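Report on the following structure.
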Amino acid sequence: MSLSLTAAPTQSVSLRRIGWNLLTWGAALLWIFPILVATWVAIHPAADQGGFSLFAPLTAQNFINAWHAAPFGRYFLNTISLVLLIVFFQLILATMAAYALVRFRLKGAGILFALVLLQLMISPDVLILNNYQTIGALGLRDTLLGIALPYFASAFAIFLLRQTFKSIPLVLEEAAIVEGASRFYILRRIYIPLAKPVYIAFALVSISFHWNDFLWPLVITDSVNVRPLTVGLQLFSAPEQGVQWALIGAATLMTSVPLLVLFLVFQRQFVQSFMRAGIR
């Protein structure tokens, strides 16, 4: 009798685990399905895309045609320069702001931090008109600096680093001050190394967001010289040229693969950093 009573809960737990595994795999397949479709379209000739066949001929010509159909070299260079510029200033400004909020006795520090958090509740698309007028007044339209400037201050980065800096024992800083260390030295030798996982995680999130950003670069750019990849991709869906699915699939893969590789390389640091910092 006892064996049957203990076997029933175990069987229930096993069935529940199988159900969750099936649900997880289903969600994963649903997420990866667009990538599989883009891959299928990109590696098959346009004439063989009327149906699905495992024995359809494979080709890399779509990637070659997509690369030559638009100045992808310039697009990649613009996008990489833009992303690195934004992430560089975001990390510098967020580091200084987070350290000041944690270690300096500022009047109204709580109000300042609340205003920083308020930025997280405002969609960047709402500020496009004001940002466009400001960038135009500064004479930075159709420049990489004009695209990047509105993103230099990141409330999300300030929040993550503030939570991480608060967890660092104050005794480490006091001991360094006794030894004659300056604030900049303390920040560079104590706080930044201990917050390295958070820097990696935020950098990955920021790179992914700005690599895929479309609306603001589309509004503020006019020429190919500063156009990023996302804006350049619209060339393949221009109505006057017709929708070229083979080129769209190949171009989409070329723009997505760098992000996918970056995430796979830093996957462990990405997950661990948010588990450590995001819960605090």
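Bear in mind that the values here come from a model prediction, so they are computed numbers and not experimental data.
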Which atom pairs, donor and acceptor, lie under 3.5 Å between side-chain atoms of residues 258-265 and protein residues at least two apart or in another chain?
none

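- Linking Ile, Leu, Val, Met, Phe, Trp and Tyr residues whenever their side-chain heavy atoms come within less than 4.5 Å places L117 and L160 in a single cluster.
- Atom CZ of R189 and atom OG of S182 lie 11.0 Å apart (nearest 0.5 Å).
- Relative ring orientation between F72 and F76 is described as tilted, the plane-to-plane angle lying within the 30° to 60° band.
- For D222, the salt bridge (Lys or Arg N to Asp or Glu O under 4.0 Å) partners two or more places apart in sequence, or in a different chain, are R141.
- Within the 4.5 Å cutoff, side-chain heavy atoms of L161 are placed close to those of V198.
- Note that the CG atom of L144 and the CG atom of N225 stand 9.5 Å from one another [nearest 0.5 Å].
- Linking Ile, Leu, Val, Met, Phe, Trp and Tyr whenever their side-chain heavy atoms come within less than 4.5 Å puts I80 and I200 in one cluster.
- For D213, the side-chain hydrogen bond (donor to acceptor under 3.5 Å, both in side chains) partners at least two apart in sequence or on another chain are Y151.
- To the nearest 0.5 Å, atoms CG (L140) and CD1 (I220) are separated by 8.5 Å.
- The closest side-chain heavy-atom distance from L112 to V116 is not below 4.5 Å.
- Around CZ of F104, the count of heavy atoms belonging to other residues, nucleotides or ligands within 6.0 Å exceeds 12.
- Residues passing the side-chain hydrogen bond (donor to acceptor under 3.5 Å, both in side chains) test with D142 are S223, sequence neighbours excluded.
- With hydrophobic clusters built from ILVMFWY side chains whose heavy atoms lie under 4.5 angstrom apart, W211 does not share a cluster with F152.
- Residues R74 and L77 form a side-chain contact, since some pair of their non-hydrogen atoms from C-beta on lies under 4.5 Å apart.
- A 4.5 Å side-chain heavy-atom check between T39 and L36 finds every atom pair outside the cut-off.
- Remark: F88 pairs with no residue by the ring pair (Phe, Tyr, Trp, His ring centres under 6.0 Å) rule, at least two apart or across chains.
- Note that CG of N62 is 10.0 Å distant from CE of M254, once rounded to the nearest 0.5 Å.
- In this structure, Y132 has no ring pair (Phe, Tyr, Trp, His ring centres under 6.0 Å) partners at least two apart in sequence or on a different chain.
- One hydrophobic cluster, built from ILVMFWY side chains closer than 4.5 Å, cannot hold both Y199 and I86; they sit in different ones.
- In terms of heavy atoms, I135 sits closest to G146 at CD1-O, 3.7 Å.
- When every heavy atom of A153 is checked against every heavy atom of Q119, the shortest pair comes out as O-NE2, 3.3 Å.
- The CG atom of L149 sits 11.5 Å away from atom CD1 of I147, with the distance rounded to the nearest 0.5 Å.
- Within 6.0 Å of CD1 in I111 there are 12 or fewer heavy atoms belonging to other residues, nucleotides or ligands.
- In terms of the salt bridge (Lys or Arg N to Asp or Glu O under 4.0 Å) criterion, residue partners of R183 (sequence neighbours excluded) are, by chain and number, E173.
- With sequence neighbours left out, the side-chain hydrogen bond (donor to acceptor under 3.5 Å, both in side chains) criterion links Q61 to N65.
- Closest of all the heavy-atom pairs between V87 and A203 is CG1-CB, 4.2 Å.
- Annotation for V224 and N78: closest pair O-ND2, 3.4 Å, computed over non-hydrogen atoms.
- The closest side-chain heavy-atom distance from F63 to I43 is below 4.5 Å.
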Check against side chain to side chain contact (heavy atoms under 4.5 Å, CB included), I168 and V102: CA-CA 10 Å; I168 297 176; V102 170; over 6 Å; no
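- When each of L229, V231, L233, V219 is tested with F214 by the rule side chain to side chain contact (heavy atoms under 4.5 Å, CB included), just one qualifies, namely V231.
- A66 and A251 make their closest contact through CB-N, 4.2 Å (heavy atoms, listed as atom of the first residue, atom of the second, distance).
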Working for side chain to side chain contact (heavy atoms under 4.5 Å, CB included), residues I248 and V41: CA-CA 9 Å; I248 291 175; V41 171; over 6 Å; no
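- Criterion: ILVMFWY side-chain heavy atoms under 4.5 Å apart, direct or through other members. Under it, I186 and L91 are part of a common hydrophobic cluster.
- In the hydrophobic clustering, where aliphatic and aromatic side chains (Ile, Leu, Val, Met, Phe, Trp, Tyr) are joined below 4.5 Å either directly or transitively, L23 groups with W20.
- S256 places no side-chain N or O within donor-acceptor distance of the main-chain N or O of L253, the cut-off being under 3.5 Å.
- Applying the side-chain hydrogen bond (donor to acceptor under 3.5 Å, both in side chains) criterion to S206, with sequence neighbours excluded, gives Q90.
- Residues G232 and Y75 approach most closely at CA-CE1, 3.6 Å, considering heavy atoms.
- Side-chain contact between R103 and L170 is present, with heavy atoms from C-beta onward closer than 4.5 Å.
- Taking the side chain as every heavy atom from C-beta outward, N212 and S208 approach each other to under 4.5 Å.
- Using a 4.5 Å heavy-atom threshold, the side chains of P150 and W216 count as touching.
- In this structure, CG on L145 lies 9.0 Å from CG on L138, to the nearest 0.5 angstrom.
- In this structure Y191 satisfies the ring pair (Phe, Tyr, Trp, His ring centres under 6.0 Å) test together with Y99, F165, sequence neighbours excluded.
- Taking the salt bridge (Lys or Arg N to Asp or Glu O under 4.0 Å) definition, one finds that R162 meets it with nothing, sequence neighbours left out.
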